[in-house]
Amino acid sequence: MLIESVELRELRLPLVSPFTTSFSTQTERNTLVLRVAGSVPTPNGRVDVVGWGECVALGEPLYSPEYIDGAKRMIQLYLLPMLARVQAEGREVTAETVGALLEKVVGHRMAKAAIEMAVLDAELRARGESFARYFGATRTRVPAGVSVGIQPSVDALLGAVGGYLDEGYVRIKLKIQPGWDLAPVAAVRQQFGDEVLLQVDANAAYTLADAQHLRRLDDYGLLLIEQPLAEDDLVQHAKLATAMSTPICLDESIESAKDAADAITLGAASVINIKPGRVGGYLEAKRIHDLSRAHGVAVWCGGMLETGLGRAANAALAALDGFSLPGDISASDRFYREDITEPFVLRDGHIDVPQGPGLGVEPIPENLARVTHDTQEVWPA
Ligand SMILES: CC(=O)N[C@@H](Cc1ccc2ccccc2c1)C(=O)O
Ligand SMILES: [Mg+2]
């Protein structure tokens, strides 16, 4: 692709209800969307094309070190100028090379992932290929799990879980933290039975000193416990894994295929939550899928409250063979009254995988405008 212009849009989407995790309570999703325009070579000559990318960083560095303002500056001041220099030397940027071209910048994987996603979307739209087909997806719809925030009371939690089960969600994930873990899990089991697929996510709220307490979760037949300890605690997760029978799943700790290899080798994870935005892009996400599959480690697709753009790409990725557990690919209305794309809706507990070229979706201009907080043209002159 020869990039001709890049637009950075900071969005603010109000959440349908406050979303409380062990690290924050959010009432809106502050996010970053990239629109890359340029041309792509095809057998019949160059075609003009537009690609969309989404940066999953939060407004503040509470989930991981990246945050929206930092990502905007990183993209504008470092990453795009590096690609502009590649083009100035007469070379094209392709999705498969973006990661390597940006390697000199250490970290900032969410910022890099947004650029790679937009370039991949543009290239695939130009050749009429969907993300699903490009990744080798074997399914046309994926089972939808739902992430349930920490609630003001156990009764409120049971109401929320009952509502999601009524909507058809096939898997329930409860956010937990010290003081809100055994009681909510026991209440959900008591109210909805042992058959419901149930898992918990601590977002790194515990330490190894809590091992004996966390072990008590083993009585509730959970699918997994996600990121109980700090993101840099691989060795401690491995120790915790020997102290409890509930499978350990890592999220924040896995930022690359290398991290996944280390976690698997150390026995720190027997399940991995793959989030393309967190690991530097969909190509790295595929590599982690392939690596995990080779080790017999189950993977599922996590969510970062993406708009329909990231949701579309996640659904395509989640349709790969190795994604054997329901992911956090909920319907758009789990978080948003209005999405910036056509909404993803739950159908028999599943989300349909877009089949159109590229992402298969694009922003609805009026919807996008309504939630755009600021827009910047950022392609170096
Ligand atoms: C669906 C889910 O639980 N996602 C993350 C947590 C998360 C991720 C991104 C967020 C953005 C704004 C507000 C809250 C957010 C929570 C997780 O699996 O750990
Ligand atoms: Mg998580």
Side-chain angles (χ1 to χ4, degrees), residues 10-33 54-68 71 109-110 113-114 144-151 157 160-161 164 169 171-177 180-181 198-206 222-231 233 237 247-255 259 263 269 271-279 285 299-307 309-311 314-315 318 325-336 339 344 351 371:
E10 181 176 342
L11 311 184
R12 291 197 175 162
L13 291 90
L15 297 183
V16 293
S17 59
F19 188 46
T20 301
T21 63
S22 65
F23 61 78
S24 80
T25 294
Q26 308 260 336
T27 55
E28 74 171 15
R29 182 45 159 126
N30 186 199
T31 190
L32 192 57
V33 161
E54 180 166 359
C55 176
V56 300
L58 275 66
E60 297 169 298
L62 299 173
Y63 164 83
S64 75
E66 293 184 79
Y67 62 105
I68 296 284
R109 294 173 183 278
M110 293 177 176
V146 64
S147 180
V148 186
I150 292 168
Q151 302 293 317
L157 176 76
V161 171
Y164 293 131
Y169 282 103
R171 184 269 283 141
I172 298 289
K173 159 168 146 178
L174 304 180
K175 291 292 183 179
I176 60 170
Q177 65 184 6
W180 178 268
D181 47 29
L198 184 62
Q199 64 193 55
V200 294
D201 185 358
N203 286 109
Y206 296 88
L222 301 177
L223 283 171
L224 54 91
I225 175 171
E226 185 178 345
Q227 200 70 43
L229 312 180
E231 36 85 40
D233 268 348
H237 277 105
I248 306 280
C249 171
L250 293 179
D251 172 352
E252 290 89 334
S253 293
I254 308 299
E255 296 201 341
D259 288 347
V271 184
I272 292 178
N273 167 343
I274 296 180
K275 293 178 177 176
R278 181 192 76 220
V279 301
V299 299
W300 54 282
C301 187
M304 291 295 284
L305 281 69
E306 290 92 344
T307 70
L309 297 171
R311 202 162 297 274
N314 287 351
L325 290 169
D328 280 344
I329 303 178
S330 305
S332 293
D333 69 4
R334 159 64 187 86
F335 293 108
Y336 305 119
D339 203 334
F344 281 81
I351 292 288
V371 292

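Numbering of ligands and ligand atoms starts at 1, following listing order.
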Sorted by chain and residue number, which protein N/O/S atoms are under 2.8 Å from the Mg ion (ligand 2)?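 Hits for the Mg ion (ligand 2) below 2.8 Å: Asp201 OD2, Glu226 OE2, Asp251 OD2.
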Step by step, would you call Glu252 with Ser64 a side chain to side chain donor-acceptor pair (under 3.5 Å)? CA-CA 7 Å; Glu252 290 89 334; Ser64 75; over 6 Å; no
For Phe19, does the six-membered ring have the charged nitrogen or CZ of Arg334 within the cation-pi criterion, i.e. under 6.0 angstrom from the centroid and within 45° of the normal?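 Yes, cation above the ring, under 6.0 Å and within 45°.
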Hey, what polar pairs (N/O, under 3.5 Å) does ligand 1 make with protein?
{"residue": "ligand 1", "atom": "3 (O)", "partner": "Ser147", "partner atom": "OG", "Å": "2.9"}
{"residue": "ligand 1", "atom": "3 (O)", "partner": "Lys175", "partner atom": "NZ", "Å": "2.8"}
{"residue": "ligand 1", "atom": "4 (N)", "partner": "Gly303", "partner atom": "O", "Å": "2.8"}
{"residue": "ligand 1", "atom": "18 (O)", "partner": "Lys173", "partner atom": "NZ", "Å": "2.8"}
{"residue": "ligand 1", "atom": "18 (O)", "partner": "Asp201", "partner atom": "OD2", "Å": "3.3"}
{"residue": "ligand 1", "atom": "18 (O)", "partner": "Glu226", "partner atom": "OE2", "Å": "3.4"}
{"residue": "ligand 1", "atom": "18 (O)", "partner": "Asp251", "partner atom": "OD2", "Å": "3.3"}
{"residue": "ligand 1", "atom": "18 (O)", "partner": "Lys275", "partner atom": "NZ", "Å": "3.1"}
{"residue": "ligand 1", "atom": "19 (O)", "partner": "Lys175", "partner atom": "NZ", "Å": "3.1"}
{"residue": "ligand 1", "atom": "19 (O)", "partner": "Asp201", "partner atom": "OD2", "Å": "3.0"}
{"residue": "ligand 1", "atom": "19 (O)", "partner": "Asn203", "partner atom": "ND2", "Å": "2.7"}
{"residue": "ligand 1", "atom": "19 (O)", "partner": "Asp251", "partner atom": "OD2", "Å": "3.2"}
{"residue": "ligand 1", "atom": "19 (O)", "partner": "Lys275", "partner atom": "NZ", "Å": "3.4"}

Does Asp201 reach the main-chain N or O of Ile176 with its side chain, forming a donor-acceptor pair under 3.5 Å?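 No.
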Has the side chain of Asn273 got a donor or acceptor atom that lies under 3.5 Å from a matching backbone atom of Gly302?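 Yes, because the side chain of Asn273 sits within donor-acceptor range (under 3.5 Å) of the backbone of Gly302.
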Step by step, work out the side-chain contact (heavy atoms from CB on, under 4.5 Å) result for Leu174 and Val161. CA-CA 9 Å; Leu174 304 180; Val161 171; 4.0 Å; yes
Those residues that, when tested against Arg171, pass salt bridge (Lys or Arg N to Asp or Glu O under 4.0 Å) (two or more places apart):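 Asp328.
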Distance-only polar pair, side chains of Asp233 and Tyr206, donor-acceptor under 3.5 Å: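 There is no such pair between these side chains.
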Residues that Tyr336 engages under ring-ring contact (aromatic ring centres under 6.0 Å, His included), provided they are two or more places apart: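 Residues passing ring-ring contact (aromatic ring centres under 6.0 Å, His included) with Tyr336: none at all.
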Residue that, paired with Asn314, satisfies side-chain hydrogen bond (donor to acceptor under 3.5 Å, both in side chains) out of Lys275, Glu306, Glu54: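 By the side-chain hydrogen bond (donor to acceptor under 3.5 Å, both in side chains) criterion, Asn314 pairs with just one of Lys275, Glu306, Glu54: Glu306.
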